Amino acid sequence: MINVTLPDGSKRELADGATPFDLASGISKSLAKAAVIAKVDGEEWDLMRPFEGDAEVAIITRRDDEALEVIRHDTAHILAQAVQDLFPGTQVTIGPAIEDGFYYDFARNEPFSTEDFEAIEQRMREIVDADLPFQREVWDRNEAIAKFKAMGEQYKAELIEDLPEDETITIYRQGEWMDLCRGPHLPSTGKIGKAFKLMKVAGAYWRGDHRNAQLQRIYGTAWLDEKQLKAHLHRIEEAEKRDHRRLGKQMELFHFQEEAQGQVFWHPAGWTLYRSVENYMRRRLEQNGYVEIKTPQLMDRKFWEASGHWDKYRENMFISSIDQEEKVLAVKPMNCPCHVQVFNQGQKSYRDLPLRMAEFGSCHRYEPSGSLHGLMRVRGFVQDDAHIFCTVDQITAEVTAFCELLKSVYEDFGFEEPRIKFSDRPEQRVGSDEVWDKAEAALVAAAQASGLDYEHNPGDGAFYGPKLDFVVKDAIGREWQTGTIQCDFNLPERLDAVYVGEDADKHRPVMLHRAILGSLERFLGVLIENYAGKLPFWLAPRQIVVATITSDADEYAQQVTDAMAAAGLRVDVDLRNEKINYKVREHSVGKVPVIAVVGRKEAEEGAVALRFLGDGNRTQEVLPLDQAIAQLKAEALAPDLKRA
RNA sequence: GCCGGCUUAGCUCAGCUGGUAGAGCACCUGAUUUGUAAUCAGGGGGUCGGGGGUUCGAGUCCCUCAGCCGGCACCA
């Protein structure tokens with residue numbers, strides 16, 4: 001007899017050899033039907049795996065979050081089986097469930113192509129129709145290695161060899177096909193359903209290491225039913241429409257061309273947006289006790305040798321030399337060493353600390369060609385950079401203030417809270433453990449004080465100190481790091497930064513490297529996608545278009561435009577001989593937030609009819625010109641100025 | 001950088017198995033003076049990413065370079 005306890009505390013008795021499926025069937029038919037896997041003493045089990053003794057059991061059904069993960073993992077197995085059926089000689093490696101789907105990495109000399117997808121999907125559907133049971137088997141380690149080697153599955157054999165000695169080796173079979181797998185799986189392939197679709201092929205390194213062989217990864221998506229699958233595909237389509245590269249072209253914000261790979265040509269509209277963001281940031285920094293500086297673009301290589309960057313990053317630095325001189329100059333890849341130079345001019349006292357030194361620092365890095373991505377990853381960029389020189393005791397207060405500022409800035413730009421990663425001491429590092437203790441504690445305390453959730457990335461800090469990174473998502477779910485704050489005990493030492501303490505002795509300051517937006521370019525990319533181009537009024541490059549209905553109103557329209565421009569609003573006039581429908585459509589598609597329509601009536605009354613973009617309950621308002629301007633002017637203020 | 005794909009008019013794209021280029025939108029011209037998401041008619045515009053090759057003949061096939069796209073790796 002086996003005694004099981006259910007989540008509600010109730011107990012049941014089962015015969016020896018009973019399975020979670022038997023348990024579910026005993027409770028109700030519908031539960032047995034909806035069941036996916038079971039949790040046995042907190043461990044995920046197959047429904048058909050017999051209990052090994054008394055246990056606490058929960059039945060996981062299709063409605064639970066875990067179900068999709070199991071289905072996706074199962075689908076990955078079915079994909080692997082289908083591929084090996086159709087392309088003999090292909091080796092399997094690993095195939096996990098991921099967000100929205102799954103992938104499987106294969107080793108095969110011939111490349112897969114998306115044209116193979118139809119045949120593969122067809123075979124997958126046949127495997128589902130065959131309703132093959134997933135069977136779990138526990139194998140002896142050496143037998144398993146020998147078996148996979150005999151099958152020509154080198155990668156699988158290697159995986160088993162690298163598993164810890166005490167790990168149970170489990171093999172899952174579906175029909176003739178078998179794979180090394182931890183499980184769990186559904187009882188049979190028929191339970192998976194057919195709401196899956198192969199999405200793309202890609203290269204991926206074996207075990208994520210670029211020194212290893214490159215495998216072919218097939219990505220797929222899988223859902224509970226057709227409806228969910230369709231909704232997912234629709235979401236992807238919609239997300240692609242807000243891709244900042246597409247919108248950048250449509251809205252004439254910027255362009256790229258091959259002669260300046262990875263560098264932005266900002267167009268008038270895009271640069272207007274850029275400047276709005278920069279000006280906003282500049283005000284926020286001023287309000288928060290920062291001073292702004294500007295440092296050189298080109299510095300002698302000796303300088304970078306001293307800072308340590310030449311050794312570490314030489315391959316990623318742009319170098320310049322000039323015929324008349326022997327010197328080799330490097331385009332600055334970062335601002336920190338320059339800021340230390342400014343700090344080092346003259347004598348600093350503890351009374352000068354904390355010293356918050358900001359720069360909209362233009363930097364260039366030779367990023368790998370494959371990593372370039374629109375505005376998100378470029379070779380020439382501007383950081384909203386700053387370095388806070390302070391004492392160890394000031395770290396907590398400074399980091400807390402920074403987190404507060406960052407939060408408020410993101411709110412002003414309308415973002416959901418970014419994800420935060422806390423990275424602590426790596427194996428290779430400088431500085432004593434006591435100082436690391438202090439710095440790590442300071443960062444964590446500051447994050448908590450600011451009410452921010454963070455996740456822990458052990459050992460992922462910079463060699464000079466721990467850091468908090470802030471991560472936001474783009475339109476199609478890719479994550480981009482924006483803000484950061486890092487404690488640095490190293491650079492002040494290398495570049496000999498000192499201040500005179502209360503005790504009249506010389507001391508090393510701590511440097512906090514920090515950026516809120518990260519790079520202006522990337523942030524603008526994220527901003528454009530976040531709003532799908534429909535930027536809030538204060539950021540919109542063209543805030544208003546004055547559109548006439550007939551040429552009778554031309555003169556008045558020009559007056560309206562001039563008055564609005566005089567009030568500091570970014571306004572254009574559209575006097576073209578076109579129907580108002582045409583103008584409204586064109587400027588709506590062009591994402592202009594306000595269209596001021598003027599016809600004979602408005603001209604006579606000295607009024608304007610304001611039409612607001614994409615605001616359901618506020619599409620139109622007819623106002624006297626003065627009042628309209630006063631209202632728009634107030635709305636055009638940046639959030640920080642509205643508060644003031 | 002690596003694997004795969006793509007590159008045709010300003011933009012989005014079509015051009016089957018090789019026979020010297022096409023659509024919609026945009027643009028220009030004309031008509032229309034119009035009340036809140038596309039008025040009608042006409043017109044101009046391409047050494048088909050660069051270079052090389054195969055062929056009587058290449059946008060179509062092959063080689064090569066570049067850029068872009070999707071991943072991977074990288075990201076001070």
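Quick caveat, the model's predicted, so the values are computed rather than measured. Reminder, nothing fancy here: chain letters follow the sequence lines and each chain counts from 1.
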Side-chain N or O of [X] less than 4.0 angstrom from OP1 or OP2 on [N]?
X        : N     : value
A/Arg478 : B/G70 : yes
A/His373 : B/G70 : yes
A/Arg245 : B/G70 : yes
A/Gln261 : B/G67 : yes
A/Tyr219 : B/C72 : yes
A/Tyr366 : B/A76 : no
A/Ser371 : B/C74 : no
A/Lys200 : B/C69 : no

For this session: Examine the side chains of A/Gln341 and A/Thr295 and answer whether a donor and an acceptor come within less than 3.5 Å of each other.
Result: no
Exercise. Quick one: do the A/Arg379 and A/Gln261 side chains pair a donor with an acceptor below 3.5 Å?
Worked result: yes
For this session: Would you say whether A/Tyr313 stacks on B/A76? The test is a distance between ring centres of less than 5.5 Å and an angle between planes of less than 30°.
Result: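 Answer is yes, a stack.
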For this session: Identify which nucleotide among B/G1, B/A38, B/U36 has an atom closest to any side-chain atom of A/Arg585, counting heavy atoms from C-beta outward.
Result: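 The nucleotide sitting nearest to the side chain is B/A38.
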Exercise. Considering only side-chain heavy atoms of A/Gln486, which listed nucleotide, B/C68, B/A76, B/G70, is closest?
Worked result: B/A76
For this session: State, yes or no, whether a side-chain contact exists between A/Ile236 and A/Asp100 at a heavy-atom distance under 4.5 Å.
Result: no
Problem set entry | Upstream residue (5' side of RNA chain B) when A/His364 and A/Ile580 are each assigned their closest nucleotide |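 The residue mapped nearer the 5' terminus is A/Ile580.
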For this session: Assign each of A/Lys467 and A/Asn109 to its nearest nucleotide of RNA chain B by heavy atoms, then name whichever residue's nucleotide is nearer the 5' end.
Result: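 Counting from the 5' end, the first nearest nucleotide belongs to A/Asn109.
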Problem set entry | Base-pairing assignment for B/G4 (Watson-Crick or G-U wobble, both under 3.5 Å) |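 By the stated definition (distances under 3.5 Å), B/C69 pairs with B/G4.
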Exercise. Salt bridge or not for A/Lys241 and A/Glu238, using N-O below 4.0 Å?
Worked result: yes
For this session: In whole angstrom, give the distance that lies between atom CG of A/Asn212 and atom P of B/G1.
Result: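 Whole-Å distance recorded here is 20 Å.
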